[in-house]
Structure formats: structure tokens, C-alpha cells
Amino acid sequence: MKNLLLLFLLITNISFSQNYTTAIGIKGGYPGFGTLNAKHFIGSQTAIEASVGGFSKTNYGTGAFVMLDYELNSELDPGFSWYYGGGALVGFTSTPEDRPFLHSGINGILGIEYTFSEVPINCSLDTGPFVFFTPRVSFAWGGGLAIRYAIR
């Protein structure tokens with residue numbers, strides 16, 4: 001009986017460690033001033049987050065980028081969790097003289113998110129460092145606010 005109860009608690013904890021499978025929406029902040037954003041759980045506590053959109057980098061103008069992060073999530077309360085992870089960014093910008101530059105780098109991420117139980121809305125707030133390798137090695141700190149439609 002005790003083993004059956006332990007198994008039930010373990011399955012319940014794994015099954016409800018997040019309350020959505022995929023969330024799709026928009027994200028604003030640095031490096032993207034407006035991006036399409038999606039987060040998809042690939043395990044009970046692991047997720048992939050992708051952002052595609054506009055890019056602005058000092059001294060290089062504007063352009064576009066793609067960023068992909070791998071995240072580990074931990075639930076604090078039902079609907080409320082925190083996460084951390086990292087990923088990579090690839091993008092391009094151009095100067096006012098229309099000289100294009102390739103930007104590539106890695107990033108770390110630390111954030112919190114809340115998914116409403118009454119409506120399928122997910123909000124997240126995150127921050128973290130960026131290390132750019134091209135066009136020159138540089139360091140930046142970024143973050144963003146995402147509002148997404150949660151698919152359960």
C-alpha cells in the first residue's frame with residue numbers, strides 16, 4: 001500500500017510539474033525589441049524556448065535574429081515556476097551605410113513565469129548575460145517579458 005501511494009504521488013508530481021505543453025506569443029526586451037516567441041516542454045521539467053524577430057545592437061543598426069534556449073523548470077506553486085538555462089543566438093544587422101554584420105553568441109537565462117488557471121495565458125520575465133563572438137567579442141546583459149497563449 002505504501003509503495004502504491006508513493007508511486008501515485010510521484011506520477012502526480014511529474015504529470016503536473018507544468019500546466020501547459022506549448023505556449024506561443026510575443027516577447028519584448030533585449031536583444032529583441034519585438035519577437036515571436038514559443039516555449040515547448042520536451043520533458044516534465046525541461047523546455048526549449050525559441051525567439052525570432054527584430055534586433056538592435058549599438059553601433060550596428062537594426063536587423064533580425066533567431067535565439068534558441070534550453071531551460072530547466074521548477075514549480076514554486078501551482079501555475080508559478082522559475083527556470084534557468086542557456087542557449088545560442090544568430091542574427092544580422094546593418095549599419096546606416098548598409099554594411100551587413102553577422103552576430104553570433106551564447107546566453108544564459110534565469111526567469112520566472114506564471115500561467116493563469118482560468119484563461120490560457122502564460123507570462124514570463126527573464127534576464128541573463130550574452131557573450132557575442134561576431135562581429136567582435138562583446139558582453140551584454142539582456143532580459144525580456146513574454147506574453148503567450150498556453151496550449152494545454
Side-chain angles (χ1 to χ4, degrees), residues 10 13-96 98-152:
L10 181 63
N13 189 31
I14 290 171
S15 299
F16 297 102
S17 60
Q18 86 271 351
N19 50 6
Y20 67 93
T21 303
T22 303
I24 301 169
I26 57 173
K27 187 172 188 177
Y30 181 83
F33 49 80
T35 65
L36 297 175
N37 180 267
K39 184 171 181 176
H40 178 73
F41 278 87
I42 56 175
S44 64
Q45 296 179 334
T46 57
I48 299 281
E49 183 175 348
S51 296
V52 177
F55 186 64
S56 178
K57 182 107 167 80
T58 306
N59 301 328
Y60 291 108
T62 59
F65 77 99
V66 174
M67 186 166 57
L68 187 64
D69 291 323
Y70 177 80
E71 300 171 355
L72 299 167
N73 295 262
S74 182
E75 188 174 59
L76 297 170
D77 278 330
F80 187 65
S81 63
W82 71 282
Y83 56 93
Y84 64 95
L89 173 139
V90 174
F92 67 90
T93 59
S94 61
T95 65
D98 289 328
R99 290 189 1 209
F101 288 92
L102 174 69
H103 289 277
S104 63
I106 58 173
N107 69 296
I109 190 168
L110 174 66
I112 57 172
E113 73 175 12
Y114 183 77
T115 304
F116 294 90
S117 59
E118 301 82 25
V119 292
I121 301 295
N122 168 265
C123 299
S124 71
L125 180 65
D126 55 47
T127 189
F130 287 85
V131 178
F132 292 97
F133 300 119
T134 59
R136 68 173 187 265
V137 176
S138 62
F139 176 81
W141 196 272
L145 171 67
I147 299 173
R148 302 178 282 232
Y149 176 77
I151 303 167
R152 299 176 197 260

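The first residue of the sequence shown is numbered 1, and numbering continues consecutively from there. Remember, predicted model here, so these are calculated numbers, not experimental data.
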Discussion item. With side chain to side chain contact (heavy atoms under 4.5 Å, CB included) as the criterion, how do H103 and F130 come out once you've worked through the C-alpha distance, each side chain's angles and the decisive distance to 0.1 Å?
Written reply: CA-CA 11 Å; H103 289 277; F130 287 85; over 6 Å; no
Practice prompt. State, with a plain yes or no, whether a side-chain heavy atom of E113 is found less than 4.5 Å away from one of E71.
Written response: no
Practice prompt. Give the intermediate values and the outcome of side chain to side chain contact (heavy atoms under 4.5 Å, CB included) for residues I24 and L36.
Written response: CA-CA 8 Å; I24 301 169; L36 297 175; over 6 Å; no
Fill in: Atom of S74, atom of S81 and distance for their closest heavy-atom approach
O-CB, 3.2 Å
Practice prompt. Flag yes if more than 12 heavy atoms outside I48 fall under 6.0 Å of its CD1 atom; otherwise flag no.
Written response: yes
Worksheet, complete the sentence: Between A146 and R148, the two heavy atoms sitting closest are CB-NH1, 3.9 Å
Fill in: Point-to-point distance, once rounded to the nearest 0.5 Å, from CE of M67 to CD of E49
7.0 Å
Discussion item. If we check side-chain contact (heavy atoms from CB on, under 4.5 Å) with N107, which of these qualifies: D69, V131, L68?
Written reply: D69
Fill in: Inter-residue atom distance T46.OG1 - F41.CZ, 0.5 Å rounding
8.0 Å
Worksheet entry | Test side chain to side chain contact (heavy atoms under 4.5 Å, CB included) applied to W82 and L110, step by step | CA-CA 8 Å; W82 71 282; L110 174 66; 3.9 Å; yes
Discussion item. Could you check whether any side-chain N or O of T93 sits under 3.5 Å from a backbone N or O of G63, counting only pairs where one atom can act as donor and the other as acceptor?
Written reply: no
Discussion item. Give me the atom names and distance for the closest heavy-atom approach of T115 to A150.
Written reply: CG2-CB, 4.2 Å
Practice prompt. Considering non-hydrogen atoms only, spot the tightest contact between T127 and W141 and give its length.
Written response: OG1-NE1, 2.6 Å
Fill in: Parallel, tilted or perpendicular: rings of Y114 and F80 (30°, 60°)
tilted
Practice prompt. Please determine which of N73, N122, T21 meets the side-chain hydrogen bond (donor to acceptor under 3.5 Å, both in side chains) test together with K39.
Written response: N73
Worksheet entry | Separation of F132 CZ from F139 CZ (nearest 0.5 Å) | 10.5 Å
Discussion item. To check you understand the geometry: which heavy-atom pair defines the closest contact between L102 and T134, and what is its length?
Written reply: O-OG1, 3.1 Å
Item to complete: May I have the step-by-step check of side chain to side chain contact (heavy atoms under 4.5 Å, CB included) for N19 and R152, ending in yes or no?
Response: CA-CA 7 Å; N19 50 6; R152 299 176 197 260; 4.2 Å; yes
Worksheet, complete the sentence: Note: C123 and I147 closest approach over all heavy atoms is SG-CG1, 4.3 Å
